[in-house]
Every structure is written in C-alpha cells, then in structure tokens.
Colleague: 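Below is the structure I would like to discuss, written out as structure tokens.
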Amino acid sequence: MLVLPSELTHRQATACLQMLLQGMRVHRESGVVVDASAMAVFDSSALAVLLECRREALSVGKTFAVQGLPAALRGMAGLYGVGTLLTPVS
C-alpha cells in the first residue's frame, strides 16, 4: 500500500508523485492501493497526483483504488467529474 502525506498541495505534488510512482515500480502486486486517510491539507493538485498514479497503474495492467479519501477531496473529485475514477477500496 502506498501512503499519501498529511499535506498535498501544489507545492508538494511533484515530489509526492515521484515518490508514489517509485513505490508502484517496486510493488509486484496486481493492484495498487493508495491510502489517503492521513490527508488533512490538500488542493486540486492532490487529485492530479491520484489521477496520474491511476493512469500509470492502469498502463502497466494493475488495478487502482484509494482508501480513506477525505470527504472534502471526494466532493472535489465529484465537482471536477472524476469521482468515479478514484475507486474506493471495498
């Protein structure tokens, strides 16, 4: 499982994305799960990071899911029309 930091804004987005992509490369599981439950401070850049991780996971044939997506970020994803792309862990 990959874990997002407590703060993910435009300032941290590039470094966070690089960290997540590196983590995806070393994980051999057929699915990628990102834990977003620690996130307390975020902006739309957090969605961009998650969507890029999803794109990368799908491009190598892995599934992608998000665990603990904060309600405010889930709402933001819905407003931008990408809520269905961030599948919650079932």
Colleague: Which heavy atom in F64 sits nearest to a heavy atom in L50, and how many Å separate them?
Modeller: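 So the two residues come closest at CZ-O, 3.6 Å.
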Colleague: Quick check for you: to the nearest 0.5 Å, what is the distance between R11 atom CZ and D43 atom CG?
Modeller: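 Interatomic distance, R11 CZ to D43 CG, rounded to 0.5 Å: 11.0 Å.
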Colleague: Under a 4.5 Å side-chain heavy-atom rule over Ile, Leu, Val, Met, Phe, Trp and Tyr, are L20 and V33 clustered together?
Modeller: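 No, because L20 and V33 fall into different hydrophobic clusters, even though each may have its own neighbours under 4.5 Å.
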Colleague: Check the pair V41, T9 against side chain to side chain contact (heavy atoms under 4.5 Å, CB included), reporting the backbone distance first and the verdict last.
Modeller: CA-CA 7 Å; V41 177; T9 61; 4.1 Å; yes
Colleague: How long is the gap from NE2 on H27 to CD on Q22, to the nearest 0.5 Å?
Modeller: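 The CD atom of Q22 is 11.0 Å from NE2 of H27, to the nearest 0.5 Å.
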Colleague: Check the hydrophobic clustering (I, L, V, M, F, W, Y; side-chain heavy atoms under 4.5 Å; chains of links allowed) and say if M1 and L58 are grouped together.
Modeller: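 No, M1 and L58 fall in different hydrophobic clusters.
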Colleague: Show the nearest heavy-atom pair for residues V49 and C16, with the distance to one decimal.
Modeller: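 Smallest heavy-atom distance, with atoms named: CG1-SG, 4.4 Å.
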Colleague: Are L73 and V3 connected in the hydrophobic side-chain network, where two residues link if heavy atoms are under 4.5 Å apart?
Modeller: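 No; tracing contacts between hydrophobic side chains, which count when under 4.5 Å, never links both residues.
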Colleague: Mark yes or no for whether Q18, through its side chain, and A15, through its backbone, hold a donor-acceptor pair below 3.5 Å.
Modeller: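 Answer holds: no.
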Colleague: Decide yes or no for L2 and V32: does some side-chain heavy atom of the first lie under 4.5 Å from some side-chain heavy atom of the second?
Modeller: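 Touching, per the 4.5 Å side-chain cut-off.
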Colleague: Is any side-chain heavy atom of M39 closer than 4.5 Å to a side-chain heavy atom of L8?
Modeller: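 The answer is yes; the side chains approach within 4.5 Å.
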Colleague: To the nearest 0.5 Å, how far apart are SG in C53 and CG in L86?
Modeller: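 If I round to the nearest 0.5 Å, the distance is 10.5 Å.
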Colleague: Closest approach of E7 and Q12, non-hydrogen atoms and distance?
Modeller: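 Closest heavy-atom pair between E7 and Q12: OE2-NE2, 3.0 Å.
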Colleague: Which heavy-atom pair separates K62 from E29 by the least distance, and what is that distance?
Modeller: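 Where K62 meets E29 most closely, the heavy atoms are CE-O, 3.4 Å.
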Colleague: Is V82 reachable from L17 through a run of I, L, V, M, F, W or Y residues, each pair having side-chain heavy atoms under 4.5 Å apart?
Modeller: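 Hydrophobic grouping puts L17 with V82.
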Colleague: If we only count heavy atoms from C-beta on, is the S44 to M76 side-chain gap below 4.5 Å?
Modeller: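 Of all side-chain heavy-atom pairs linking M76 with S44, at least one is under 4.5 Å.
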Colleague: Just verifying a value: how many Å separate R54 CZ and L47 CG, rounded to the nearest 0.5 Å?
Modeller: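 So the CZ of R54 and the CG of L47 are separated by 13.0 Å.
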Colleague: Apply salt bridge (charged side-chain N to carboxylate O under 4.0 Å, His left out) to R55 and list each qualifying residue two or more places apart in sequence or on a separate chain.
Modeller: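 Partners of R55 under the salt bridge (charged side-chain N to carboxylate O under 4.0 Å, His left out) test: E52.
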Colleague: Please check: side-chain N/O of R74 versus main-chain N/O of G83, any donor-acceptor pairing under 3.5 Å?
Modeller: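 No.
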Colleague: Of all the heavy-atom pairs spanning A36 and L4, show the shortest one and how long it is.
Modeller: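 Shortest heavy-atom contact: CB-CD1, 3.7 Å.
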Colleague: Which atom names give the shortest non-hydrogen contact between H10 and S45, and what distance separates them?
Modeller: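 Between these two residues, the closest heavy atoms are CA-OG, 3.3 Å.
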